[in-house]
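Working notes, structure below.
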Amino acid sequence: MEKQKLPNASAVLILGILSILTCCCWGVIGLVLGIVALMLAKKDTALYMENPELYQGYSNINTGKILAIIGIVLSAIYFIINIYMYAVMGEEGIKDFQQNLIEKLKQQEEME
């Protein structure tokens with residue numbers, strides 16, 4: 001009897017990768033993708049643990065779970081930093097900070 005692939009093994013891996021890649025999108029997208037990946041991983045892990053001899057692809061589930069946790073942590077940190085920046089500096093302060101940063105980068109390019 002041939003082993004079946006776990007139904008969400010590829011999806012968990014892809015969502016875990018995307019949660020890391022999108023962690024800088026205000027932190028929200030990475031959080032959502034990471035949480036969805038963990039929920040799917042939990043479902044497939046339970047399925048695998050019932051009959052491990054019937055399924056393959058458990059390593060993808062573990063890898064995707066690890067990537068999702070990393071993505072959630074990075075997204076949460078980025079989200080908290082954004083909230084802090086808005087609470088302390090406000091929208092105008094952030095715009096001024098960005099403008100000053102761009103001016104400094106232009107000055108460094110001119111010096112080189």
Side-chain angles (χ1 to χ4, degrees):
M1 187 166 148
E2 189 175 323
K3 288 187 173 186
Q4 300 174 4
K5 281 187 150 186
L6 285 165
N8 298 317
S10 298
V12 170
L13 188 60
I14 291 169
L15 288 172
I17 293 168
L18 288 177
S19 72
I20 293 175
L21 293 177
T22 59
C23 71
C24 293
C25 298
W26 296 98
V28 178
I29 296 173
L31 277 173
V32 171
L33 293 176
I35 291 170
V36 170
L38 284 180
M39 290 182 348
L40 291 175
K42 182 179 178 183
K43 181 180 153 188
D44 272 9
T45 300
L47 184 65
Y48 180 80
M49 291 302 169
E50 288 177 10
N51 292 316
E53 64 276 350
L54 293 179
Y55 297 104
Q56 67 181 7
Y58 187 67
S59 62
N60 285 349
I61 295 292
N62 280 335
T63 305
K65 195 185 310 184
I66 292 168
L67 292 173
I69 291 170
I70 292 169
I72 288 172
V73 169
L74 291 175
S75 296
I77 290 170
Y78 194 76
F79 187 67
I80 291 169
I81 288 172
N82 283 327
I83 290 173
Y84 177 77
M85 295 282 281
Y86 268 103
V88 172
M89 295 174 27
E91 191 171 344
E92 288 296 319
I94 292 174
K95 287 181 183 178
D96 289 340
F97 176 75
Q98 289 173 342
Q99 212 168 22
N100 289 337
L101 187 62
I102 290 171
E103 288 174 8
K104 286 181 182 179
L105 289 173
K106 285 182 183 178
Q107 287 174 356
Q108 284 181 352
E109 286 178 4
E110 291 174 359
M111 294 176 107
E112 293 175 358

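What you see is a predicted model, and the numbers here were worked out from it, not measured in a lab.
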- Note on the structure: Only one of Lys5, Gln4, Glu2 passes side chain to side chain contact (heavy atoms under 4.5 Å, CB included) with Gln56, and that residue is Lys5

- Task: Only counting residues at least two apart or in another chain, list the ones meeting side-chain contact (heavy atoms from CB on, under 4.5 Å) with Pro52.
- Result: Tyr48

- Query: Between Ala11 and Leu40, what is the shortest heavy-atom contact and its length?
  - Reply: CB-CD1, 4.4 Å

- Correct closest heavy-atom pair for Leu15 and Ala37 would be CB-CB, 3.6 Å

- Task: List for me each residue that meets side-chain contact (heavy atoms from CB on, under 4.5 Å) alongside Leu13, sequence neighbours excluded, and say none if there are none.
- Result: Ile17, Asn60, Thr63, Leu67

- Are Ile80 and Val32 connected, step by step, through hydrophobic side chains (Ile, Leu, Val, Met, Phe, Trp, Tyr) whose heavy atoms are closer than 4.5 Å? no

- Query: Should the heavy atoms of other residues, nucleotides or ligands under 6.0 Å from OH of Tyr58 be counted, would the total exceed 12?
  - Reply: yes

- Task: Identify, with sequence neighbours excluded, every residue that meets salt bridge (charged side-chain N to carboxylate O under 4.0 Å, His left out) alongside Lys95.
- Result: Glu91

- State which residues pass side-chain contact (heavy atoms from CB on, under 4.5 Å) with Leu31; sequence neighbours excluded, sorted by chain then number. Ile72, Ser75, Ala76

- Message: Under 4.5 Å between side-chain heavy atoms, counting indirect links through other Ile/Leu/Val/Met/Phe/Trp/Tyr residues: same cluster for Val73 and Tyr78 or not?
- Response: no

- Counterpart residues, side-chain contact (heavy atoms from CB on, under 4.5 Å), relative to Ile70 (two or more places apart): Ile20, Ile66, Leu74

Anything under 3.5 Å between a donor and an acceptor, one on a side chain of residues 97-108, the other on a protein residue two or more places apart or in another chain? List them.
{"residue": "Asn100", "atom": "ND2", "partner": "Asp96", "partner atom": "O", "Å": "3.4"}

- Item | salt bridge (charged side-chain N to carboxylate O under 4.0 Å, His left out) involving Glu92 - partner list, sequence neighbours excluded | none

- Task: Could you tell me whether the side chain of Leu54 reaches within less than 4.5 Å of the side chain of Lys3, counting heavy atoms only?
- Result: no

- Task: If a pair satisfies salt bridge (Lys or Arg N to Asp or Glu O under 4.0 Å) and one of its residues is in residues 19-46, list it, with sequence neighbours excluded.
- Result: none

- What is the distance from atom CD1 of Ile29 to atom CG of Leu21, rounded to the nearest 0.5 Å? 11.5 Å

- Hey, what do you get for OG1 (Thr45) to CG (Asn62), rounding to the nearest 0.5 Å? 6.5 Å

- Between Gly71 and Cys23, the two heavy atoms sitting closest are O-CB, 4.4 Å

- Would you list the pairs meeting ring-ring contact (aromatic ring centres under 6.0 Å, His included) in which at least one residue belongs to residues 15-38, sequence neighbours left out? none

- Message: On a heavy-atom basis, which atom in Leu47 and which in Pro7 lie closest, and how many Å separate them?
- Response: CD2-CD, 3.7 Å

